[in-house]
Amino acid sequence: MSLKKNIIALRQKKAIVEKGGGDKALEKQIAMGKMPARVRILALLDEGSFHEYDMFVEHEEQNFGMANKELPAEGVITGTGTINGAPVCIYAQDFTVMGGSLGLKHARKITKIMDHALKMKIPCIGINDSGGARIQEGIGALAGYGEIFFRNTMASGVIPQLSVILGPCAGGAVYSPALTDFVFVVENISKMFITGPNVIETVLGEKISQEDLGGARVHAEITGNAHFYATSEMECFKQIKTLISLIPHNNEVKAKSVAPKEPKFRKKIENIIPSDPKQPYDVRDVIYALTDESKFFEVQELWAANIVIGFGRMKGETVGFVANQPLYLAGVLDCDASDKAARFIRFCDAFNIPIITLEDMPGYLPGVDQEHAGVIRHGAKMLYAYSEATVPTITIILRKAYGGGYIAMNSRHLGADFVYAWPSAEIAVMGPEGAANIIFRKEIMEAEDEDAMRQQKVKEYVEKFANPFVAASKGYIDAVIEPAETRDLLLHSMEVSRLKEEHRPMKKHGIPPF
Amino acid sequence: MAKKENKTDSTGKAQLDEQKANRKQTIERAKKIQAARKAEEAKKAAEKKLALKQKKEEVKPTVAAPSENVTDTDVRPMPENEKKTINKQVKSMSAEDKKEPEYVDFAITARKYKTLLTNKYKNRKFWINPSPYEIQSYIPGTIIDICVKEGKTVQEGDPLLVLESMKMQNRIDMPFTAKIKKINVKVGERIPKDFLMVELEQA
C-alpha cells in the first residue's frame with residue numbers, strides 16, 4: 001500500500017472517531033441545548049490550535065456485552081491548544097458516547113493529559129459532561145476517578161486547573177471539579193450532585209428536581225461550589241478566555257502583563273463612599289475607580305455577596321481584589337464570606353498575584369446559625385490564608401474596621417506589606433455605640449437622662465477613636481491617604497514590592513482549618 | 001440507640017415548664033418574623049410588578065438610560081466591556097437595586113446599618129431550643145416499628161420505635177422515664193429529618 005492510501009485510510013479512521021456517538025446521539029445532544037464535545041473545544045480554543053491525542057484508545061472490558069462495543073475516542077476528547085496564545089491542556093467528555101460514562105481507559109486518557117499539563121506547566125481545562133461511572137466496568141471506573149483526584153491534588157497550586165460543567169456531573173465525578181481552582185457552570189445545562197434526585201426520593205422520600213438540587217444557579221448562589229455562572233456555553237467560554245488571560249501558566253511565573261491603561265470610571269473616588277458609616281454603597285465602584293480600563297473580573301459574584309473577590313489589572317499587571325461589600329449584609333464576615341475569601345487568597349498566593357484588600361466591615365455576623373455553622377473554624381481560614389501569603393499584600397481601610405474583622409482583613413499584624421487608610425477610616429475594637437455602652441456604662445446608668453448621656457459618650461468616643469489616627473500613631477498603618485491618591489499609591493507599592501522575598505519556616509505543609 | 005440524651009433526670013418540673021414556655025415563645029417569635037417577612041416580600045413583589053408594568057408603559061428606548069436617573073449613593077455604572085461579562089441575572093438584580101434599593105436595617109452590635117440581604121440569609125433557619133419532651137427524627141427514613149402506646153409510661157432506655165434509614169435500622173430509645181402523650185407517626189410512614197415523631201409528658 002502506498003503512503004497515499006495509508007493517508008486516506010487514516011483520514012477515514014479519524015472521521016469515524018470524530019463522529020462520536022453517531023448522528024442520532026448528536027441530535028439528542030443538540031436537542032438538550034448542549035454543544036457536541038468537539039465543537040466545544042474548537043469554540044473555546046484559538047482557531048486551528050487544537051491537537052488531539054489518543055484518538056484511537058479503546059476500552060478492554062469484556063463483560064456485560066462490552067466486548068464488541070466500540071466507543072469512539074473512549075468517550076473523552078483530549079489534547080492541547082492555545083487560548084489567546086496561551087497554551088493549555090484540555091479534555092472534554094463526549095456525552096454522545098455511552099453517556100460520557102467514565103471507564104478505566106476514559107479516565108487514563110484524562111490522567112495522561114493531566115500529567116502532560118503538569119509536566120509542561122500549563123493550565124488544564126476539563127469539560128465535564130458525563131452520566132457517571134461506566135457501571136459495566138465496575139471497580140475499573142472507580143479506580144479511574146481516584147487516579148484523577150490524585151492528580152488534581154498533585155497539580156493543585158502548581159498549574160491552574162479549570163473545570164467546566166456542561167452537562168451532568170454526578171456522584172464521585174463531582175469531586176474532581178471540587179478539587180480544581182475554578183468551576184464554571186451554565187444555566188439549565190450544568191447539574192452537579194453527589195446523590196441525584198432519584199436516589200434521594202427512593203431513600204428519603206424527598207422530591208426535588210435536578211435543577212433545584214444541583215443546577216447552575218444553586219451552585220453559583222447557595223453552595224459556592226461554582227465560581228462562574230453563565231447563561232450560555234458561549235458566554236461561559238468567554239469567561240474562561242478572560243480568566244486564562246489574567247492568570248499565569250504556572251506557579252513559577254507571573255501572569256502576562258498587558259499594555260497599561262488608565263481607569264475609565266470617572267466618578268470621583270472620594271464621592272463613592274457615603275460619609276455616614278451606616279449607609280451602603282457598592283464597593284465594586286471603588287475597584288472600578290482603581291483598575292485599568294475600570295475592568296474587574298469578579299469571581300463567585302452570586303455567592304456570599306457580602307465579600308467581593310476577583311481579578312483586575314493595575315498598570316497592565318494582574319492583581320487580586322478582596323473587598324467587603326457594604327451593599328449586602330453590611331459587608332460582614334460570615335462562614336461563607338470567609339471560605340470564599342480564604343480560597344481566593346490562597347490561589348493568588350500560589351500563583352504570584354499581588355492581593356489588594358479593601359476594608360469596610362462592621363464585624364462578624366451575629367447569630368445562632370452562624371455560631372452553630374462553625375464561624376470560628378471558617379473565619380480562621382481567612383486569618384490563615386492572609387498570614388500564610390507571601391505575595392505582595394496591600395490593605396486599604398476605606399471606612400469601618402472593627403474588632404476581629406480589622407485583624408482578619410489583612411491587617412499589619414497578619415503580615416500585610418502596606419496598610420493605608422482613608423481619612424474616613426474608623427479603626428476600633430467595636431462600633432462606637434457598642435464601645436460607649438460598655439466603657440461608660442456606669443456614667444450612662446447614673447445619669448439622669450440616660451439617652452442624652454449615651455449620645456454624648458458615643459460622640460466622645462467617635463471623636464477620640466473612630467478615626468485612623470490612633471492606629472497611625474502606633475505605626476499599624478503606614479499612611480493616611482486621600483482617596484484620590486489611592487491608585488498611584490497602589491501602583492507605587494506594587495513597584496516597590498516587585499522583588500519582594502519573604503520566607504516561611506520549612507514544613508511539609510501547614511494544617512489550615514479546612 | 002438512644003438519640004436524645006437524658007438531660008432531665010435532675011431538672012425539676014418547673015425548669016422544664018420554663019424551658020417549654022421559652023421554646024413556645026421562640027417559635028412564636030420565629031413564626032411572627034417569618035410571617036412579617038413573607039408579607040413584606042409579597043408587598044415588595046407586588047410593588048416591583050407594578051413598577052415594572054409602569055416602566056414598560058413608559059417604553060424606554062435604551063438600556064443605558066437607568067444609570068442616569070439614580071441617586072449618588074447607589075449609582076453603579078459599570079464600564080461597557082464589563083457589562084458584557086456579567087450575567088443576566090446579576091444585571092437584572094442590580095437593575096432592581098438601582099430602581100428601588102430596599103435597604104433594611106441590619107444590626108451588628110449596637111449599630112444598625114442600611115443594607116440588602118442575601119437570599120441565603122433570608123432563608124436561614126431560626127434556631128429553636130429543642131425540648132426533651134419532643135422526640136424528633138435525626139435522619140429522614142421510614143418508621144418500621146412502634147413499640148409503645150399513647151398514655152403509657154415508659155422506662156428510660158426502653159425502645160420507642162425503629163426508624164430505618166440508609167439501610168440501617170435505628171432503634172430510638174426512651175431518653176428518660178415519661179408518659180407517651182402522642183405518637184405522630186404510623187408504621188410504614190416515611191418521614192423527613194426533624195419530624196416530631198413522639199410527644200412525651202411528665203409521668
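Numbered from 1 within each chain, the chains take letters A, B, ... in sequence-line order.
A:F265 and A:Y288 have tilted rings, their planes meeting at an angle from 30° to 60° on a 0 to 90° scale.
The contact between A:Y402 and chain B is made entirely by side chain atoms (from C-beta outward), counting heavy-atom distances below 4.5 Å. Heavy atoms of A:K241 lying under 4.5 Å from chain B are absent altogether. Heavy-atom distances place the side chain of A:D336, and not its backbone, under 4.5 Å from chain B. With a 4.5 Å cut-off on non-hydrogen atoms, B:T118 touches chain A through its backbone and its side chain both. Looking at A:P263, neither its backbone nor its side chain comes within 4.5 Å of chain B, counting heavy atoms on both sides. Using a 4.5 Å cut-off between heavy atoms, A:P326 touches chain B through its backbone atoms (N, CA, C, O) alone.
Residues forming a ring-ring contact (aromatic ring centres under 6.0 Å, His included) with B:F195 (at least two apart in sequence, or on another chain): none. Considering only residues two or more places apart in sequence or on other chains, A:R454 meets the side-chain hydrogen bond (donor to acceptor under 3.5 Å, both in side chains) condition with A:N437, A:D451.
Between A:R487 and A:E262 there is a salt bridge, with a side-chain nitrogen of the basic residue lying less than 4.0 Å from a carboxylate oxygen of the acidic one. In summary, B:R111 and A:E433 engage in a salt bridge, as defined by a charged side-chain N under 4.0 Å from a carboxylate O.
Of the listed residues B:K167, B:K112, B:K193, the one with more heavy-atom pairs under 4.5 angstrom with chain A than any other is B:K112. Ranked by non-hydrogen atom pairs under 4.5 Å with chain B, the options A:A330, A:P432, A:G434, A:G331 are led by A:A330. Among the candidates A:L329, A:V368, A:N306, the residue making the largest number of heavy-atom pairs closer than 4.5 Å to chain B is A:L329.
By the 6.0 Å and 45° rule, A:K457 stacks over the aromatic ring of A:F440.
B:K179 NZ: 12 or fewer foreign heavy atoms inside a 6.0 Å radius.
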